[in-house]
Structures are given as C-alpha cells and as structure tokens.
Protein chains: 2
Amino acid sequence: MELSDRQKQILRAIVDIYVSTAEPVGSKAIAALPDVSCSSATIRNEMAELTQMGLLEQPHTSAGRVPSPAGYRLYIDELMQDYRLSLDETKSLNEALELKSQEFDKMMSQVGKLVSKMTNLPAYTVATRRNEAVAKHFDLIQAGPGSIILVLMLSGDVVKNKLVKLPVRVTEADLKLLAAVLNTSLTDLTAEEITGELLDKITRSAGPASPLAPLVMDFTLECLRQQHGDVHLTGQMRLLGQPEYKDAAGKAQEVFETLDEELISNLPAVLPKDGPVQFLVGPENVAKELKDTSVVMMRFDIGEGMQGTIGVVGPTRMDYAKITAKLGYFAENLGRMFQKGGQPTPPPALPDGMKNEE
Amino acid sequence: MELSDRQKQILRAIVDIYVSTAEPVGSKAIAALPDVSCSSATIRNEMAELTQMGLLEQPHTSAGRVPSPAGYRLYIDELMQDYRLSLDETKSLNEALELKSQEFDKMMSQVGKLVSKMTNLPAYTVATRRNEAVAKHFDLIQAGPGSIILVLMLSGDVVKNKLVKLPVRVTEADLKLLAAVLNTSLTDLTAEEITGELLDKITRSAGPASPLAPLVMDFTLECLRQQHGDVHLTGQMRLLGQPEYKDAAGKAQEVFETLDEELISNLPAVLPKDGPVQFLVGPENVAKELKDTSVVMMRFDIGEGMQGTIGVVGPTRMDYAKITAKLGYFAENLGRMFQKGGQPTPPPALPDGMKNEE
DNA sequence: TATTGGCACTCAGAGAGATGGAGTGCTAAG
DNA sequence: CTTAGCACTCCATCTCTCTGAGTGCCAATA
C-alpha cells in the first residue's frame, strides 16, 4: 500500500513537529502550516488512515497523533530531509573539534564527550579493528627493582602498556635482549600464529629475563584478541533533559543501566551493520528496557585498519535529521583529525622561538 | 553547650533511622527503640531542644525531625559508630577486588566502577602526585611513514603515549639517537629544570630527528605539570535510585552537571585535605547546586610517589558509617593491589604448562 | 468524488475542597 | 524530671468538577 504525497507530507510534518515539541500533534497544527492547503478536517481523515496503517498512534481518544515506531522508520528511510547545519552550528562544531592531542583512548573518549555535548544526548564511541591485529613493537622498561613496564604497539597505532612486577631480578641488558627477541619473533603475527612452541622458543633464547616471556605473551595475546577497544559512554545525564524523563527518574535509571550493560556485553549491537549510518528505532532495540529509546550510529575513519563508531542515544522521539547531520559532520572531520595524529589544526605555539617545520 | 548522653543517643538514632528510611523521624519511633527507656513525650522535649540548637530540622510544623547539616556533622565527628562489615559484605568486596590487570588509568577507572557498585552511589577516583614528577624513560617507535609513537614513562610508574605525525622522514636510527639523547639529558628533571637552553642543546645533538624534539618536550612538560591524572567519575545514575530524586529528574541532572564540572575544574576540592578520610556535608560543598549532596573521600596508597583518592557522592542523607567502612576496606586492599602490579591474587593460569615462579 | 464547516462527544489534566492521620507543643498530674 | 492526655497543625491523598483541545462523523459544497 503506497502513501499519497499528501499523506507523506502529513507524516513528515507530524514527526517534525512532535520531535521538537514532544506533544501529540493535532490536525489544526498541521493545517496551519504554510505549505498545507487543505483544512483540518481533511487532515483528520488522512490522519485516521495513517493511524490505521500503523504509522501513527493516539495516546488516548481525544489527543493528537504521535508517530509509531513504524512511522519513525518510514520517516527515516524515506521522508527525512537532509538537515542543513546552520553557520552557527558548523562554527561551534569546528570549535569543538579542536581536540587536545592525547593518547588514542583518551581521544576516543573525548570524541564521545564532544558528540554528547553537541547533540545534548548521551553518546558512546568504540574503536573496532577492520582486520586482524598484529603486534608491531615491544618495549620493556625498567621501572624499579623488580618492576617492569611493558609497552606494546599494535597495528593501528594502538599502544598498550602494563606494569609487571616480578620477584626475579633482571638487568637493563636482560630486558634489551628479551625485547629484541620479542621484536624479531613476535611482531607481525596474528593471535592464531602465536603458538606454544613459539613461546618455548622465545623463552629459551630470552636469557635471564625469560620468566617475563609468558607474561608478555599472555598480555600480547589478550590485546590481539580484543576486536574492539573500550566503549566510552558519556553524557548519560543529558537524557534527563528530555521531557519523557521529566518525572520518571526510575525509568531513566533503568535505561541507563541497561545501556551500560548492553554496551559492554552486547557490543556487536552497537556497531552499524551496513552503510556508514544506521538507526535503531525503539522496539528494534535489543533490550526491552530500551523500547522507547533510539540509537543513531555512524562510522568514522581512523587510520590503519581501525574504524570508529559514534553512537547517540536518545528517546525514540529524537531529531534524527539534525543528529545525523551533526554526526556526519563529525565523521567527516574526525577522520582527518586522527590522520593528523591529533594535532590541533593551528599547530601549537612552540616555546623559545622554535619553528615547527611543515 | 554540651549535649547530654540522652541527647546524643537521640540524635544518633534520628540520623541512623533517617538515613535508612529517608522519612522524617517522629518521637514515637525513637521511643519504640529497644534501648530507649523514656516516653515519646520526653523524646519530644529533647527533640525540641536539639532543634533549637540547630542540630535538627522540621520540614513542616507537624512533621517529624530530620538532621540538619550541623547535625550530620556532629554525628560524623562524634557519634558515628564504626560499621562492621558483615561476612557477606566482605566476601563480595573481596570478589570485586579481583581487578583485571591493566593499564594504570584503566585500573583507576575500574576501581571507581567497583566502589560505585559496592556503595550503590556515584563514585570518582583520582591519582595525585605526592612529589614533583620527573621523566624516567623516553621511547620513540616508528609507527608508519612519518608517524611516530612517543612513549613516556614518568616517576610513579605512569606511562603516557602520543602519536606524532611529522611531514619529515626519519629513520629508525635517527629515532634511536634522539631517544638516547632524551634519555640522557631529560630524565630525572622536574618541569622547572627543563629550560629553553636545554631544548636548544638537545635539538642540536639530536641529528635528523631534531624536528621531533620540541614536540616531545612540549608533551613531556605537559605531562610533568599534571599534578593529577584524570578524574574518573562513574555510576552517576545510581543517584537516581535515591528517594530524594524519585521525581525530580531536573534536580538530578543539575547535580550531575555540577558534579562533572566541579570534578574537573575544582580538583583540589575533591581531595581530602587532612587525614585518610574526609567528609563534605551538604552546604560545606563548593557549589550551591550540591548543597543537598555529600561526599566521602578516602585516600589510598599507590606506590611510588602517587596517591589515590576515592570519593563517593550521595545525598546528604547517606549512610556515612557504612560507606566509610566500605571505603576503608577498599583503601586497605587497593594499596596491596597496586603494589603487586595489578596481578590478580590467584596468579593467572599460564598456557602450555608454563610455570609462574614466585 | 474529494473537501470542508459544523457539531456532539471524549478524555487528560488542572484546580478545589474534603478527609485522615501522623506528629507536634503544651499542660497538668505523677 | 517524666509522662499521659489533648488540642492543634498541616501534609498527603482522594474525589469531584470543569475546561479545552482534539477527535469522528455527517451533511453541505465545489
């Protein structure tokens, strides 16, 4: 069953209005729109039909209409008009994008904070591998008597480190030897290619520092097997700003908790399946606690076999168009950002008249 | 003006009851307590007096009494009885304490999550330096053409890393040279001791990789100047479980936001000034939005010139005794945890029959 | 046949009393 | 100094009513 143009127009208008007011939309409000040329009675007829089709809902008999999940879905897939960011908006997005250069993980969490702030909704970020991870470089640093810091660089410019305490004394030279062995025999291997025999071999040739070897390998395997980095969820409290949670702290808490759990335990669900952007509308969500909650997910590029995902979480009644536009802007520019190694666009001033050659 | 023993007993009882019920406490409820041997009328007289002293408050004429901030303060300073953790509680605390070994920062944030979970309240953690920071080790790793990873180890076993992208080509050997120069001339120096001349000297002797030097030094200075690590705040939503926020999402959001801001902008305020534990009761708080919010802060030990702080945030009506007990337990055991380099108490099973020598 | 104005009907939400009960302060007796 | 008794206060809850926004339907219209 196809929708008439007018029905589409009405559905779109209802979503648009409801999204910004959070109040059921009446026929009069639609009729009053400048580009609608029929009377409220006609609208009422059309609305009745749309309701029958399951695209609209009525909170109660004498209330206006509210989009149903199916209505939102149709809106997103077919009716949504590209939201054009205003000059002010791009300006503040640009300002926000001046990430302070930092460690990879911190950048990711900062991106989340940023997105959350700019959309005024909770947001999360995850980094995922696009292909099998391999170790790129090992480093062992003496941190104190019996304590060693292992620095591990993986493909995708991810750096992990771990403090290892050992009751065995090792010298700088021992560590250097072990590091060299690791760097020659353990780099550029995927998790599967790292076998027990290999470990044996390394342990044998590692000299006095060999007790370290199994610890290092364990950690390495653990890191290699991680398909994605931590999920950084921030700005949960912004959900409370939404009218649907005005006086339902209990419900909000439930949503928060489910969100937290879902994000860590059900990671694949928070990654867009296909295409750069994906929408999860209300009941399409995994957990039933999130049935009134929607998620907009967008991919962005981080160099070297890594891929980032930004997600924005909000009530099903959320401004999909605007949020998509903002996320799109982020996605476009974050890639560039990460490529540049997180250096702010205007290079930082250097002390004492040093010049930063470009 | 001194309180009589009975007055102390009454005040203590009121705090204890109010803390667990969140309802104003009436004279009858006190009189009904097993270890109270006078009638409700007597209690009423005493309560009137305590109210006049400013230790109790009355929400309205015909309501029971509620402790005033001053009342809480007195309770905390003099009346609070040590809460003894039950066997069940210590058991679950012990289970929780099995931190997965990880990077320092992640451990800190995990500790926060843990405390938040065990107290069912928002919690934060910060690591602070006890003395001037110095760099301990520099490492430069080629990550790709024109991109280098700088790994910096500071005193206190803190490891920082940064991805640097440079339009200048440098070889492995160049990096090794620069790293060597940095390691000889820049380690064990405090931020003040790193001068412009030193930078000049390093740049001159650094060979082809010298353009990197100012970037490295900038980053180093930045790290050295950080008196404390990031503040990890988690479990904000748990505040919503408290009856005071049952239907006041707006207020909760305000508290959240202020909390967030306060924690990052007003760091000294979140660190205990003296003694291992400190309480910030309601109006003693910095921001007026937090006037109904209290904080319990506790120090704990992390080796090597670093010191951790755990804070628990809750409504002024919170179970100070219980929370102090739990925090105390954490503080005691976390020190041990960190000393051991974050290795779980039962050493992890090693693959292929490898033995972990103790 | 599609659209429109008109009209009766519905129902959530706000406001106004009315009611009950928990708790107080005070007084007078023990 | 303590206690029982009593009048009083005031919040919380409930019910009731009223209002107005919005609908659905019908008959008139183009």
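Note that the coordinates shown come from a computational prediction; the quantities given were computed from them, not determined experimentally. A note on names: the letters A, B, ... follow the listed sequences, proteins ahead of strands, and every chain is numbered from 1.
- Atoms CG and NZ, on B:Leu33 and B:Lys28 in that order, are 14.0 Å from each other to the nearest 0.5 Å.
- With sequence neighbours excluded, the residues forming a side chain to side chain contact (heavy atoms under 4.5 Å, CB included) with B:Glu89 are B:Tyr83, B:Leu85, B:Ser86, B:Lys322, B:Lys326, listed by chain and number.
- Within the 4.5 Å cutoff, the side chain of B:Gln81 has heavy atoms near those of the B:Arg12 side chain.
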N/O contacts under 3.5 Å, protein versus nucleotides 8-14 of chain C?
from   : atom 1 : to      : atom 2 : distance (Å)
C:dT10 : O2     : A:Ser62 : OG     : 3.1
C:dC11 : OP1    : A:Thr61 : OG1    : 3.2
C:dC11 : O4'    : A:Ser62 : OG     : 3.2
C:dC11 : O2     : A:Ser62 : OG     : 3.4

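- At its two ends the helix from C:dT1-D:dA30 to C:dG30-D:dC1 runs along axes set 20° apart, each axis drawn from five pairs and the angle rounded to 10°.
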Per-pair distances, 0.1 Å, donor-acceptor, side chain in residues 68-76 of chain B, under 3.5 Å, sequence neighbours excluded:
from    : atom 1 : to       : atom 2 : distance (Å)
B:Ser68 : OG     : B:Gly54  : O      : 2.6
B:Ser68 : OG     : B:Leu55  : O      : 3.2
B:Ser68 : OG     : B:Ala70  : N      : 3.3
B:Ser68 : OG     : B:Gly71  : N      : 3.1
B:Arg73 : NE     : B:Glu284 : OE2    : 3.0
B:Arg73 : NH1    : B:Asp77  : OD1    : 3.2
B:Arg73 : NH2    : B:Phe279 : O      : 2.9
B:Arg73 : NH2    : B:Glu284 : OE1    : 2.7
B:Arg73 : NH2    : B:Glu284 : OE2    : 3.4
B:Tyr75 : OH     : B:Asp16  : OD1    : 2.7

Distances for protein N or O near nucleotides 14-19 of chain D N or O, under 3.5 Å:
none

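- Counting heavy atoms from C-beta outward, B:Pro315 and B:Leu121 have side chains that approach closer than 4.5 Å.
- Within residues 25-38 of chain B, the residues approached by DNA chain D to less than 4.0 Å at the level of any non-hydrogen atom are B:Ser37, B:Cys38, in residue-number order.
- With D:dG24, C:dT24, D:dT3 as the candidates, the nucleotide lying closest to the side chain of B:Thr42 is D:dT3.
- For B:Tyr320, the side chain to side chain donor-acceptor pair (under 3.5 Å) partners are B:Ser294, not counting sequence neighbours.
- Contacts of B:Asp260 classified as side chain to side chain donor-acceptor pair (under 3.5 Å), with partners at least two apart in sequence or in another chain: none.
- Remark: nothing in residues 10-22 of chain B comes within less than 4.0 Å of DNA chain C through any heavy atom.
- Checking the phosphate oxygens (OP1, OP2) of D:dT2, a side-chain nitrogen or oxygen of B:Arg6 falls inside 4.0 Å.
- For the atom pair CD of A:Gln7 and CD1 of A:Ile43, the computed distance is 11.0 Å after rounding to the nearest 0.5 Å.
- Residues B:Leu267 and B:Val126 are in side-chain contact: their nearest non-hydrogen atoms beyond the backbone lie under 4.5 Å apart.
- In terms of the side chain to side chain contact (heavy atoms under 4.5 Å, CB included) criterion, residue partners of A:Ala48 (sequence neighbours excluded) are, by chain and number, A:Arg65.
- With contacts defined as side-chain heavy-atom distances shorter than 4.5 Å, the pair B:Asn285/B:Val295 qualifies.
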Please list, one pair per line, the donor and acceptor atoms closer than 3.5 Å that link side chains of residues 234-244 of chain B to other protein atoms, with sequence neighbours excluded.
from     : atom 1 : to       : atom 2 : distance (Å)
B:Arg238 : NE     : B:Ser116 : O      : 3.3
B:Arg238 : NE     : B:Ser116 : OG     : 2.7
B:Gln242 : OE1    : B:Arg317 : NH2    : 3.1
B:Glu244 : OE1    : B:Arg317 : NE     : 3.1
B:Glu244 : OE2    : B:Arg317 : NE     : 3.1
B:Glu244 : OE2    : B:Arg317 : NH2    : 2.5

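- In this structure, CD of B:Glu46 is placed 13 Å from C1' of D:dT3, rounded to the nearest angstrom.
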Filtered N/O pairs between nucleotides 4-7 of chain D and protein, under 3.5 Å:
from  : atom 1 : to      : atom 2 : distance (Å)
D:dG5 : O6     : B:Arg44 : NH2    : 3.2

- Item | Pair B:Cys38-B:Arg6, side-chain contact (heavy atoms from CB on, under 4.5 Å): steps then yes or no | CA-CA 10 Å; B:Cys38 52; B:Arg6 192 167 61 194; 4.0 Å; yes
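- As rounded to whole Å, 17 Å separates atom P of D:dG20 from atom CD of A:Glu23.
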